Amino acid sequence: MTARFQAPKGTYDLLPPRSALFLAVVQALTTRLARAGYEHVQTPIFEDTALFERGVGESTDVVQKEMYTFTDRGGRSLTLRPEGTAGVMRAVIEHHLLDGALPVKLWYTGPNFRYEQPQSGRYRQHTQVGAEAVGLDDPLLDAELIAVADAGFRDLGLSDYVVKLASLGCGQCRPPYREALTSFLAGLDLDAATRERARLNPLRVLDDKRPEVKAQVAEAPVMLDALCESCAEHFAVVRRALDSFGVHYEIDRFLVRGLDYYTRTTFEFVHNRLGAQASIGGGGRYDGLIAELGGPSASGVGFGLGVDRIMLACEAEGLTPYQDSRVDVFGVGLSAAARERLAEIVDHLRRREMRADLSYGDRGLKGAMRGADRSGAQYALVLGDRDIEAGVAQVKDLQDGTQEQVRIDEVVEYLANRLGAPPRRISGGA
RNA sequence: GUGGGCGUAGCUCAGCUGGCAGAGCACCGGGUUGUGGUCCCGGGUGUCGCGGGUUCGAGCCCCGUCGCUCACCCCA
């Protein structure tokens, strides 16, 4: 029984009942986004390789060594998207959305692909729920996105996480700061790989987790102390807004994001029980990205929330909103003829918006009843040849074991009344 | 890409110094030919990840390989 094939390295199959958690996570987050006026957008799962090289940044690890790039039969270099923002920005530019009402507020969800060494919470294919608010640099949008993600997490029942916040400055104040940081780093005792990183993006050295690096970097100059007046004001508004929303956050002087395009506000949601890959979401503002991709000079702010890690976070906090029952009514037929009749009744029940299933195949009464039990149904609908002859069905309440005889031509209405059609909704809630 | 740990039934795992592959749960059947869960009885469902090697004999030892896992790097 050894499987000849297995899921590719770094990927996994999402099976029931856990798959219900996936849907619950996506639904919780996207519901909050829709409520805040964000509309759904879908872009291709692969794009021109050059889009990601320009959009994500040549110096990033993602572009340098993690992209799934291939040449199609037409000789085009394409890449499975490693993140969501670049593709959405491409679509925004291509369809001139910035010529309309601003800001453009969009959300999206789907898989991203990165060729990484798998680890807890890190996969080669992972799903994100993302959102972008484009066309304005209003700091209230930054705060809105953080608040929306936070609210979505709370809706899921999550609480053991922190919101980290920082500002990376802009084209005015970042270059001089970067100079200062570079000269500071030059005076440290760092290994070759880290020196190279410092050359590509000195900010990222601040994020190093190794104690020997952390200690040396503790006294490094901090961007937040070097913000220009307009960036400082922008950041102050974000903070005031979050305060007024009641969103708790902590300022992280060394918060750095891995993608090159971030400016000004950056934020990250870090869960406390996830091990090394603890970031369940992150994002920030990008001022140069749209122009970099050939669009107008416009600002945007967005986030990516990691569905896989959010699921792990839910499980770490004991939140498993698995559906407890698949259906409300389960048909148990004692003969082939009875099963045919039941299939018809079940079809009617479904048309009346009841959740119904039946025992397929010749399993015998005991097996069929066991199927009814496992389905979690409230009622079993038992039908045998004797019943058909008498024009009745047996409706058994699987909770208390009581059973009633109901005329077949009245059984749909009977169950609709008992269940209160349309019946309870599939909430997926805990 | 680098380093540590681990691959035995559907799942969680035991298996001594190399000597007939096991347990619990799950699953299937029966006890009950028209009634589930609890209970009782019965059933092992297996390429011991894969490929070589050593040996009379390998789940166990050696080499390789694939995968999982944890950490670095990086990130959701």
Side-chain angles (χ1 to χ4, degrees), chain A residues 1-12 15 25 29 56 59-66 82-85 109-130 149 191 193-194 196-197 200-201 204-205 207-213 256-259 268-271 274-283 303-313 330 332-335 338 359 363-377 379-388 393-403 405:
Chain A
M1 286 279 275
T2 301
R4 194 174 297 273
F5 293 110
Q6 36 187 288
K9 179 169 180 169
T11 67
Y12 64 96
L15 307 172
V25 168
L29 300 173
V56 179
S59 74
T60 60
D61 280 34
V62 169
V63 169
Q64 287 194 345
K65 51 190 187 192
E66 296 178 357
E83 58 96 51
T85 302
T109 184
N112 294 331
F113 305 86
R114 293 177 198 167
Y115 190 86
E116 300 191 270
Q117 202 54 243
Q119 183 180 337
S120 176
R122 192 174 69 186
Y123 309 99
R124 292 186 172 179
Q125 173 177 341
H126 75 274
T127 297
Q128 287 188 18
V129 168
D191 60 279
T194 309
E196 173 62 10
R197 216 149 20 101
L200 286 171
N201 186 345
R204 256 188 285 160
V205 178
D207 205 22
D208 203 304
K209 286 178 191 163
R210 291 171 296 181
E212 65 272 22
V213 179
V256 177
R257 310 244 70 232
L259 310 182
E268 193 165 311
F269 295 84
V270 180
H271 199 266
L274 283 193
Q277 311 303 319
S279 172
I280 56 176
F303 64 51
L305 309 178
V307 175
D308 309 74
R309 286 185 190 170
I310 294 166
M311 286 194 288
L312 294 172
F330 195 93
V332 172
L334 302 183
S335 67
S359 180
R363 308 181 59 190
L365 178 58
K366 187 183 179 109
M369 281 303 293
R370 189 152 46 216
D373 191 46
R374 281 178 198 159
S375 75
Y379 296 105
L381 192 55
V382 181
L383 195 70
D385 291 339
R386 287 194 331 237
D387 299 308
I388 294 178
Q394 311 299 326
V395 177
K396 178 164 185 172
D397 185 323
L398 291 170
Q399 305 279 300
D400 59 24
T402 60
Q403 183 164 304
Q405 186 165 295

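Remember, predicted model here, so these are calculated numbers, not experimental data.
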- Item | Rounded interatomic separation in angstrom, taking OH from A:Tyr12 and C1' from B:A76 | 11 Å
- Query: Looking for any heavy atom pair under 4.0 Å, which part of the strands does A:Tyr123 touch: base, sugar-phosphate only, or nothing?
  - Reply: base
- Query: Hey, is the side chain of A:Lys366 pairing donor to acceptor with the base of B:G29 inside 3.5 Å?
  - Reply: no
- Query: Between atom CZ in A:Arg374 and atom P in B:C25, what is the gap in whole Å?
  - Reply: 15 Å
- Message: Considering every strand and a 4.0 Å limit on heavy-atom distances, what is the contact class for A:Lys9: base, sugar-phosphate, or nothing?
- Response: sugar-phosphate
- Under 4.0 angstrom, heavy atoms only, what part of the nucleic acid is A:Glu196 near: base, sugar-phosphate, or nothing? nothing
- Message: Should the side chain of A:Gln394 and the base of B:U35 be counted as holding a donor-acceptor pair, with the cut-off at 3.5 Å?
- Response: no
- Under 4.0 Å between any heavy atoms, over every strand shown, what does A:Asp208 touch: base, sugar-phosphate, or nothing? Just pick one. sugar-phosphate
- Indicate, yes or no, whether a donor-acceptor pair under 3.5 Å links the base of B:C74 to the side chain of A:Arg122. yes
- Message: Within the 3.5 Å criterion, strictly below it, is a donor on A:Asp387 or A:Gln394 matched to an acceptor on the partner's side chain?
- Response: yes
- Message: When the C1' atoms of B:G29 and B:U12 are compared, how many Å lie between them, rounded to an integer?
- Response: 25 Å
- For B:C28, does OP1 or OP2 lie under 4.0 Å from any side-chain N or O of A:Arg363? yes
- Evaluate the side-chain hydrogen bond (donor to acceptor under 3.5 Å, both in side chains) criterion for residues A:Ser59 and A:Asn201: first the C-alpha distance (whole Å), next the side-chain angles of each, then the deciding distance (0.1 Å), finally the verdict. CA-CA 8 Å; A:Ser59 74; A:Asn201 186 345; 5.3 Å; no
- Query: Under 4.0 Å between a Lys/Arg side-chain N and an Asp/Glu carboxylate O for A:Lys366 and A:Asp373?
  - Reply: no
- Message: Need one value for A:Gly367: base, sugar-phosphate or nothing, where a base atom within 4.0 Å counts as base even if backbone is also close, heavy atoms only.
- Response: nothing
- Approximate separation, where rounding is to 0.5 Å, of A:Glu66 CD and A:Glu83 CD: 12.0 Å
- Contact under 4.0 Å: A:Ser279 side-chain N or O vs B:A76 OP1/OP2: no
- Lys/Arg-Asp/Glu bridge criterion (N-O < 4.0 Å) met for A:Arg122, A:Asp308: no
- Note on the structure: Side-chain atoms of A:Arg370 come closest, of B:G37, B:C74, B:U69, to B:G37
- Message: Using a distance-only criterion (donor-acceptor N/O pair, under 3.5 Å, no hydrogens), is the base of B:G37 paired with the side chain of A:Asp373?
- Response: no
- Item | Any N/O donor-acceptor pair, A:Gln119 side-chain to B:C73 base, under 3.5 Å | yes
- So what does A:Gly10 hit on the nucleic acid, given a heavy-atom distance under 4.0 Å: a base, only sugar-phosphate, or nothing? sugar-phosphate
- Message: Counting the atoms with a prime plus P, OP1 and OP2 as sugar-phosphate, which does A:Leu334 contact under 4.0 Å by heavy atoms, base, sugar-phosphate, or nothing?
- Response: base
- Query: So, A:Tyr12 versus A:Tyr123, ring centres under 6.0 angstrom or not?
  - Reply: yes
- Task: Let me know the distance between CD of A:Gln405 and P of B:U35, rounded to the nearest Å.
- Result: 15 Å
- Message: Within the 4.0 Å heavy-atom criterion, would you say A:Arg197 contacts the bases, only the backbone, or no part of the nucleic acid?
- Response: sugar-phosphate
- Message: Ignoring hydrogens and geometry beyond distance, is the side chain of A:Arg309 in donor-acceptor contact with the base of B:C75 at under 3.5 Å?
- Response: yes
- Just call it for A:Gln117: base, sugar-phosphate, or nothing, with non-hydrogen atoms closer than 4.0 Å on any strand. base
- With heavy atoms under 4.0 Å as the rule, sort A:Gly130 into base, sugar-phosphate or nothing. nothing
